[in-house]
Structure formats: structure tokens, C-alpha cells
Number of protein chains: 2
Amino acid sequence: MSENVEFLKTNALFKNASPQFLKDASAAISVKRFDKNFVFFINSDEAQSFYFIKQGWVKLFRETLDGSQAIVDICTGGHIFGETAIFENNQYPYSAEAVEPCEIATIPLDLLKTEIETNNKFALDMMGSMARYRRQQDREIEHRALQNAPQRIGCFLLRLADQTADGGVTIQLPYDKMLVASRLGMQPETFSRALNKLKEKTGMEIKGGTIKLDDLEKLTDFSCSACSSSFPCNDLQSCK
Amino acid sequence: MSENVEFLKTNALFKNASPQFLKDASAAISVKRFDKNFVFFINSDEAQSFYFIKQGWVKLFRETLDGSQAIVDICTGGHIFGETAIFENNQYPYSAEAVEPCEIATIPLDLLKTEIETNNKFALDMMGSMARYRRQQDREIEHRALQNAPQRIGCFLLRLADQTADGGVTIQLPYDKMLVASRLGMQPETFSRALNKLKEKTGMEIKGGTIKLDDLEKLTDFSCSACSSSFPCNDLQSCK
DNA sequence: ATTGCTCCTTGACCGATGTCAATTGAGTGG
DNA sequence: CCACTCAATTGACATCGGTCAAGGAGCAAT
């Protein structure tokens with residue numbers, strides 16, 4: 001039995017994957033649906049597989065001794081997670097949990113490891129992917145140091161906004177406000193208040209998870225002054 | 001004329017460097033002393049070279065439109081910087097400045113690029129290095145979200161502490177307190193006050209940049225409770 | 001010793017965010 | 001339709017960290 005693995009190509013990382021890798025993956029891959037709150041693995045688990053998201057959202061996080069949770073990333077369709085265990089003595093460096101029902105492909109890490117070791121083009125792509133992630137993390141640190149809560153939310157929204165429309169823009173939050181809050185490193189209460197402040201400043205309309213704004217520039221003026229990249233930011237990727 | 005490039009081997013990244021790379025590097029490398037405050041390059045400069053630190057400290061940072069500065073990293077002997085430009089369309093993703101007199105080797109980026117593309121072992125080491133950096137960044141984000149100022153300082157000190165001694169420990173700050181503060185994402189005033197609080201809590205003795213502590217455990221108890229890794233942290237690297 | 005410099009510390013104050021508690025609102029299952 | 005649950009909001013308050021301003025400490029040059 002073998003699965004069609006064409007969907008892997010939706011992630012640029014796999015554009016130079018070798019026929020052998022695709023063949024092996026096709027034989028070894030398992031594609032399944034998972035319920036909300038399903039835990040794929042927890043921090044420091046022994047790693048056998050990495051995961052490719054076909055559908056849905058997955059949160060990556062770590063927990064401290066005293067019970068708090070830090071979000072590492074929140075990923076969706078086309079992204080992979082758990083692959084970094086290759087470089088971490090085969091232990092996952094974070095925990096992973098479905099935040100809504102999702103469809104996930106499970107792939108043996110060994111295949112990825114072999115591909116990296118034998119296919120130089122693939123290795124280069126992998127490095128590119130890691131570099132992109134690094135840029136993202138660097139900016140994340142910068143934002144948390146220099147932007148206040150409303151600005152961070154503004155920046156987050158800008159990444160979601162469809163820039164094609166130069167008139168009004170409609171932004172749809174991809175998941176719970178609670179989750180957006182922790183993604184941005186703030187409490188839900190702070191998020192709620194900060195979003196209100198942002199509304200005052202930019203005249204946006206908020207209804208549930210849907211946000212309408214007629215002048216995108218008001219938002220960039222407000223958020224991007226405390227950032228070292230100028231809008232439009234050239235790296236809109238999440239996860240890898 | 002050719003330089004001895006053996007010193008590169010002090011960075012694990014170069015342990016599998018090809019003879020050809022070392023030979024080319026030897027011919028193309030330039031080793032020089034730079035004064036404090038020398039600027040190697042600024043964010044988004046066109047990149048020709050990467051840099052290897054033989055001696056001294058270098059800060060990597062980015063600046064926002066409104067003039068604030070975010071420290072990306074602070075590196076010292078054995079570390080390289082500027083190499084990520086390879087993956088950033090040949091533009092440096094941050095600025096770099098000497099924070100004290102240093103001795104730096106300048107090496108053409110092309111050599112590194114060629115080596116990555118042709119020497120698979122080297123590529124793997126490079127990925128390992130990038131992964132290590134990623135882990136560090138992830139934890140940095142976590143710390144800024146979950147630890148308060150005194151805890152962050154404590155964690156920083158623990159990384160500097162020589163664990164061999166199980167009796168008293170002496171820790172020497174590697175550079176100015178002002179710089180430590182910005183490295184930890186806080187104001188100098190906050191740093192000063194937070195260090196005092198840490199002193200109260202753990203009974204450490206502070207004289208200038210030298211800190212003495214007879215019981216390391218007091219420090220770990222205080223700092224590591226708000227962290228997801230347990231002491232001793234397994235990744236004490238800065239930069240790469 | 002004096003001057004001037006920079007780093008560092010301290011105090012007073014304020015704004016931003018976290019915390020705790022109460023309330024509202026939306027969605028679900030009976 | 002009602003009860004239940006959980007997300008989201010709001011208010012009151014505490015805490016933390018940032019800001020501004022004023023010393024003090026260390027150090028180099030004179």
C-alpha cells in the first residue's frame with residue numbers, strides 16, 4: 001500500500017526532495033485525522049516521526065516547572081513540525097497539540113535524516129527553511145522588547161491582511177483570541193483591552209474574530225514605528 | 001601570502017571543513033584588530049564577508065524607526081557572525097559593532113557558500129549550528145515571557161558560573177552591566193535594582209562585575225522554577 | 001589633587017501589564 | 001427552550017518595569 005505524497009510539495013522544503021525519498025515516504029507515511037486537543041508528543045519525548053499538517057492548526061509549546069506555558073509556534077496547513085528533533089539527540093524540543101481537528105501526515109524521521117545526508121540540494125533547502133525561521137524568531141524577540149501590546153497585535157493583524165485590496169481590508173483571526181494572546185505573549189485580558197485601544201487608534205470594526213479596516217496605513221503607522229523592518233514585511237511565514 | 005587558519009577549528013562548525021576550503025580561506029582571509037565601537041556592517045548592507053572572532057566581544061543588533069535598539073546577540077571568541085546573510089539574499093539581517101577592542105578574521109562569504117554546497121558533512125554541521133541557535137532563541141523568547149527581571153539575570157549568571165566548584169562560586173560579568181541589561185532586554189536601572197533583589201534572595205556578594213555566591217542551589221531554585229529546562233541547562237552556547 | 005568622563009546606582013513617579021473576580025455572550029447538548 | 005460550559009469582556013487593584021532626574025563611584029588625563 002502506498003499513499004500519494006504530492007501534497008508534500010506544497011511546502012517549499014520538499015521541492016528538491018529526491019525520488020527515493022518520495023517513494024520511501026509514500027510507503028511509510030500515515031495520514032490521519034486528529035481531534036482537538038490531541039497531543040502528538042511532549043517535550044523531550046523520544047522522536048520517531050515528524051509531522052506534516054494537511055489541515056488544521058497545531059500549537060507547539062513548552063511548560064515550566066511552575067505550570068506556565070510558553071508558545072513556541074502555531075502552525076497550519078503546509079507546515080511541518082517535530083523535524084528539529086534530528087538535531088536534538090532525537091528528542092522533541094517542545095510539545096505539540098492540536099488546537100482544532102486536523103489532518104496530519106506522520107513521517108519517519110529517519111527518512112528525513114537520510115535525505116538531508118545524501119541529497120545536498122535538499123540540505124540547502126533545509127538550511128533556507130531554518131534561516132527563515134531564525135529571522136522570524138529574531139523579530140519575535142525584538143517585538144516583545146520594543147512593541148507594546150496594541151502594536152504587537154497590529155503587527156500580527158498586518159501579517160494576516162490581504163494586501164491586494166487597497167480599499168477596505170477584512171481580517172479573519174485564524175484561531176481563538178485566547179490562543180492569539182498567548183501566541184503574542186500576553187494575557188487574554190490584556191489582549192482584549194489592547195485590541196480595544198487599537199480599535200480607537202485605527203477605527204477598525206471588530207465583530208467576533210472578524211476585523212474590518214478601511215485604511216491599512218493607519219495600522220502600519222501605528223505598529224511599524226516600533227519595528228526594525230519596514231512594511232510590508234518581507235517574511236510573512238509562520239512555522240516553516 | 002597565506003594565513004594560518006587553524007584557529008577556525010576552535011569552532012565546531014569547521015571541524016569537517018574541506019582542505020580546499022581551508023586552503024582558499026587561508027589565501028583570502030584577513031585578520032585584523034578593531035577598536036571598540038567599530039561597526040563591521042549595518043542591517044541590510046550588501047554582504048561580502050562573514051567574520052570570525054578570535055578575541056573580544058561583538059554585539060549584533062537591529063534598530064527601529066523610532067531609534068530604539070534590540071540586541072540580537074553578543075558574541076565572543078570562537079564565534080562567527082554575518083554568515084546568515086547567505087540565506088538572506090546576501091544582505092546582513094542585523095548590524096554588528098565591536099563592544100571592546102577585538103581581533104577579527106574576515107572571510108569571503110562565497111567560500112562558505114561553496115563549502116555548504118559541495119561538502120555535505122559541512123552542511124550538516126551548519127544545520128547543527130543553526131539548530132543550536134534556534135534552541136537558544138526559543139528559550140530566549142520563553143524567558144522573556146515567563147521570567148521576571150531578577151530571574152532572567154539569575155539564569156544569565158548560571159550560564160557563566162563554573163559548575164566544577166561545588167563550594168563557593170565566583171562569577172565574572174563578561175562585559176558592561178549596561179550591555180548585560182540590554183542583552184537581557186531590560187533598562188540599566190531595572191538591571192541594577194533586579195540585581196539587588198537577587199542579592200537579597202540568594203545572599204550573593206557583588207563587587208563591580210564580580211559576583212560571589214556560596215550556594216548555587218539558591219540561585220537555581222530562584223531562577224529555574226520559571227523555565228522549561230531543568231538545571232543544568234544543556235545548551236550554554238551563545239552565538240554559534 | 002583636580003577635572004571630566006562614563007558607568008552605575010538610587011529615588012520618585014507613572015504607565016503598562018498581570019491578577020483576581022464578576023459578568024456577559026456564544027455555542028452545545030439535552 | 002433551558003442549562004451548561006467556555007470564551008471573552010470588564011472593573012478594580014497590585015506589581016513590574018520604564019522614565020526622568022539626581023547623585024556617586026571609578027578611571028583616565030592633566
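None of these values were measured; they are calculated from a predicted model. Protein chains get the first letters and strands the later ones, always in sequence-line order, with residue 1 at the start of each.
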Atom pairs and distances, donor-acceptor, side-chain atoms in residues 187-194 of chain A, under 3.5 Å, two or more places apart:
none

Worksheet item: So, the side chain of D214(B) versus the backbone of G168(B): is there a donor-acceptor pair under 3.5 Å, distance only?
Response: no

Practice prompt. Please report, rounded to the nearest Å, how far the P atom of dT10(D) is from the CZ atom of F191(A).
Written response: 13 Å

Fill in: Five-pair end axes of the helix from dC8(C)-dG23(D) to dG30(C)-dC1(D) and the angle they enclose, rounded to 10°
30°

Worksheet, complete the sentence: Considering only heavy side-chain atoms of E189(A), the closest of dT17(C), dG18(D), dT10(D) is dT10(D)

Worksheet item: Touch check for A194(A), heavy atoms < 4.0 angstrom, all strands: base, sugar-phosphate only, or nothing?
Response: nothing

Worksheet item: Rounding to a whole Å, what distance do you find between K36(A):NZ and dT28(C):C1'?
Response: 13 Å

Fill in: Flag, side chain of R62(A) to backbone of S228(B), donor-acceptor distance under 3.5 Å
no

Practice prompt. Write down the distance between NZ (K207(A)) and P (dA7(D)), rounded to a whole number of angstrom.
Written response: 23 Å

Item to complete: Choose from dG18(D), dA7(D), dT9(C) the nucleotide whose nearest atom is closest to any side-chain atom of D176(A).
Response: dA7(D)

Response to the item:
Side-chain atoms of R193(A) come closest, of dC7(C), dA8(D), dT10(D), to dT10(D)

Discussion item. Whole angstroms only, please: what is the CG-P distance between L146(A) and dT17(C)?
Written reply: 13 Å

Item to complete: Over 60° means perpendicular and under 30° means parallel, so classify the ring planes of F34(A) and F38(A), tilted if in between.
Response: tilted

Worksheet item: Between dT9(C) and S192(B), is there an OP1 or OP2 to side-chain N/O distance shorter than 4.0 Å?
Response: yes

Response to the item:
From the list F61(A), Y51(A), F50(A), ring-ring contact (aromatic ring centres under 6.0 Å, His included) partner of F41(A) resolves to Y51(A)

Worksheet item: Any side-chain N or O of N148(A) less than 4.0 Å from the OP1 or OP2 oxygen of dG18(D)?
Response: no

Worksheet entry | Distance, rounded to the nearest Å, where L195(A) contributes CG and dT9(D) contributes P | 7 Å

Discussion item. Tell me whether R134(A) forms a cation-pi arrangement with Y133(B), defined as NZ or CZ under 6.0 Å from the six-membered ring centre and within 45 degrees of its axis.
Written reply: yes

